[in-house]
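Single-structure report; data block below.
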Amino acid sequence: MEGKGCYNRENFRKEGVILPILEEIAVTLPRADLDLDETLDCGQCFRWERQEDGSYTGIVRGRFCRVERQGDRVLFHGVDEDDFQRVWRPYFDLDRDYGSLKAQFSCDPILAEAARFAPGIRILRQEPWEALCSFILSQNNNIKRIKGLVARLCAHFGDPVEGGFSFPTPERLAPLSPEDLAPVRCGFRAGYVLDAARRVASGQIDLDAVAAMDIDDAREVLQQIHGVGPKVAECALLYGFGRMECCPMDVWMKKCISTLFPCGLPPCSQGVEGIAQQYLFHYSRCHPVLFR
DNA sequence: CGCCAGGCTTCTA
DNA sequence: TAGAAGCATGGC
């Protein structure tokens, strides 16, 4: 991987404001190992906005970025070297070789087919709190609406940053009441979000400690939160803590497993079941007829 | 309008 | 202890 700073001046228009973009980082990465649509719009994250030119804008750890594919290169606009190393490189899981991972998955014909269908999927390493909170909001909900909930949560309670709003901290949410969250329109999930915020803000649940825990202990701790069950905990651990062995079992994956993998996921996915899951989840949703 | 959504809690038998 | 009902909201 090459990460090289240059200074192409350009302007990027967003919501009527012209933001001066002074820096960009270019990384060489084959299209087959990162597709922006497949990765940023496959239900693992809810904050990225697709632009008309196919690039995406998003905010991670309070930093705004526009990501663009250009041939074999990925351009991170508005990013300096420090932020690239600190934020975007881990976020896009750039140090993992997805090519060899997919080669490994080819030991199973169905998994191979799913990976071939959307080879540009990667698992993002999101902020732990944001992932936890987002997937609490995701329950009994559809992806389109989840995005709306998260956007309103950020707009009302996040801090204004370049390009939009940061994701609100647990400390910001903890003192609120469910009525305070009314403008978010997240329904019965308001109480769940607040319980999570209070436990994290108070230190009763230490997300840094969770990150270092044995996986079953981590699952147990997260499920102490009201409104966090097996699925949400698994999503938080996979997408927020980089625990690739975690395999969220939503309705689609349950159908997929029962019809195609009655004996469980194949051995070649051992230890990275969560990544295999993302290919299978996407494949299942795009071929609903195969899964009744 | 009715059905359903990257589920979980609570109630019931 | 397993299974169903209830949950807010809105996209389709």
Side-chain angles (χ1 to χ4, degrees), chain A residues 37-50 114 117-118 121-128 130-156 176-199 205 219-241 243-261 265 273-292:
Chain A
D37 292 319
E38 291 170 3
T39 294
L40 299 176
D41 197 20
C42 68
Q44 63 171 318
C45 58
F46 307 101
R47 285 264 274 158
W48 289 88
E49 295 176 14
R50 192 179 198 279
F117 177 70
I121 289 179
R122 302 176 79 85
I123 297 291
L124 301 169
R125 179 144 186 186
Q126 304 172 53
E127 295 173 75
E130 176 172 340
L132 173 61
C133 198
S134 297
F135 280 94
I136 287 173
L137 292 173
S138 79
Q139 66 182 259
N140 196 290
N141 222 333
N142 58 63
I143 292 176
K144 172 85 172 169
R145 206 170 91 85
I146 297 164
K147 288 182 180 174
L149 298 188
V150 173
R152 287 193 292 275
L153 184 71
C154 294
H156 283 274
L176 302 180
S177 68
E179 299 75 59
D180 293 325
L181 287 191
V184 179
R185 301 205 295 280
C186 59
F188 61 87
R189 304 163 194 85
Y192 299 163
V193 168
L194 294 180
D195 185 59
R198 286 166 189 158
R199 288 178 195 258
I205 290 181
R219 288 182 171 116
E220 195 178 323
V221 167
L222 291 181
Q223 289 182 42
Q224 291 172 6
I225 298 166
H226 199 54
V228 175
K231 159 67 168 58
V232 171
E234 214 69 356
C235 285
L237 288 167
L238 175 62
Y239 303 120
F241 293 82
R243 295 295 190 97
M244 302 299 175
E245 72 271 39
C246 289
C247 186
M249 295 292 286
D250 76 311
V251 288
W252 286 104
M253 275 304 289
K254 284 176 182 169
K255 288 186 224 175
C256 177
I257 293 288
S258 65
T259 60
L260 299 180
F261 299 98
L265 289 178
E273 291 88 344
I275 304 180
Q277 172 268 154
Q278 198 65 34
Y279 295 113
L280 293 169
F281 170 75
H282 188 255
Y283 186 80
S284 303
R285 276 176 26 106
C286 292
H287 301 81
V289 65
L290 294 181
F291 302 89
R292 183 168 15 87

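What's counted below: heavy atoms across the whole structure, side chains too, no hydrogens, waters or symmetry copies. These numbers were taken from a predicted model, which means no experiment stands behind them.
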Exercise for the section: Check the distance between dA8(C)'s C1' and Asn142(A)'s CG and give it to me in whole angstrom. Expected result: 13 Å
Practice task
Let me know the distance between CE of Met249(A) and P of dC8(B), rounded to the nearest Å.
Solution key: 12 Å
Handout entry: Nearest-nucleotide pick for Pro230(A), side chain only, options being dG11(C), dC8(B), dG7(B)
Key = dC8(B)
Fill in the blank from the handout: Among the nucleotides dC8(B), dA8(C), dG6(B), whichever has the atom closest to the side chain of Arg189(A) is dA8(C)
Practice task
Rounded to whole angstrom, note down the P distance from dG6(C) over to dG6(B).
Solution key: 23 Å
Practice task
Tell whether Gln277(A) reaches the base of dG6(B) with its side chain through a donor-acceptor pair below 3.5 angstrom.
Solution key: yes
Completion exercise
Rounded to whole Å, the CD-C1' distance (Gln224(A) to dC8(B)) equals 16 Å
Exercise for the section: Write down the distance separating the C1' atoms in dG11(C) and dC1(B), rounded off to the nearest Å. Expected result: 14 Å
Problem - Stacking check Phe281(A) vs dG6(B) (5.5 Å / 30 deg) - result: yes
Practice task
Specify the separation, in whole Å, of atom CG of Leu149(A) and atom P of dA5(B).
Solution key: 16 Å
Fill in the blank from the handout: Of the candidates dC8(B), dC12(C), dG6(B), the side chain of Ser138(A) sits closest to dG6(B)
Practice task
Establish, from distance only, whether the side-chain atoms of Asn141(A) and Ser138(A) form a donor-acceptor pair under 3.5 Å.
Solution key: no
Practice task
Indicate, yes or no, whether a donor-acceptor pair under 3.5 Å links the base of dT9(C) to the side chain of Arg145(A).
Solution key: yes
Exercise for the section: Could you grab the distance from atom CD of Gln126(A) to atom CZ of Phe135(A), nearest 0.5 Å is fine? Expected result: 6.0 Å
Exercise for the section: Report which part of the nucleic acid Cys45(A) touches: base, sugar-phosphate, or nothing (heavy-atom distance under 4.0 Å, all strands). Expected result: nothing
Practice task
With heavy atoms under 4.0 Å as the rule, sort Tyr239(A) into base, sugar-phosphate or nothing.
Solution key: base
Problem - Gln278(A), nearest nucleotide to its side chain (from dC8(B), dG6(B), dC7(C)) - result: dG6(B)
Completion exercise
Side-chain contact check for Phe188(A): nearest option of dC12(C), dA5(B), dG7(B) is dG7(B)
Handout entry: Glu220(A) atom CD, neighbour heavy-atom count above 12 within 6.0 Å
Key = no
Handout entry: Asp41(A)/Arg50(A) ion pair, N-O < 4.0 Å
Key = no
Practice task
Check the distance between dG7(B)'s P and Ile143(A)'s CD1 and give it to me in whole angstrom.
Solution key: 9 Å
Handout entry: Rounded interatomic separation in angstrom, taking CD from Gln139(A) and P from dG7(B)
Key = 8 Å
Exercise for the section: Check the distance between dC8(B)'s C1' and Lys254(A)'s NZ and give it to me in whole angstrom. Expected result: 11 Å
Exercise for the section: Please figure out whether Cys247(A) or Gln223(A) has its closest DNA chain B nucleotide nearer the 5' end. Expected result: Cys247(A)
Practice task
Under 4.0 Å between any heavy atoms, over every strand shown, what does Gly229(A) touch: base, sugar-phosphate, or nothing? Just pick one.
Solution key: sugar-phosphate
Problem - For atom NZ of Lys144(A) and atom C1' of dC4(B), their distance in whole Å - result: 16 Å
Problem - Spacing of the P atoms in dG10(C) and dT9(B) (rounded, Å) - result: 23 Å
Fill in the blank from the handout: One should read off an interatomic distance between Gln277(A) CD and Glu245(A) CD, to the nearest 0.5 angstrom, of 13.0 Å
Handout entry: Basic-acidic side-chain contact under 4.0 Å: Arg285(A), Asp250(A)
Key = no
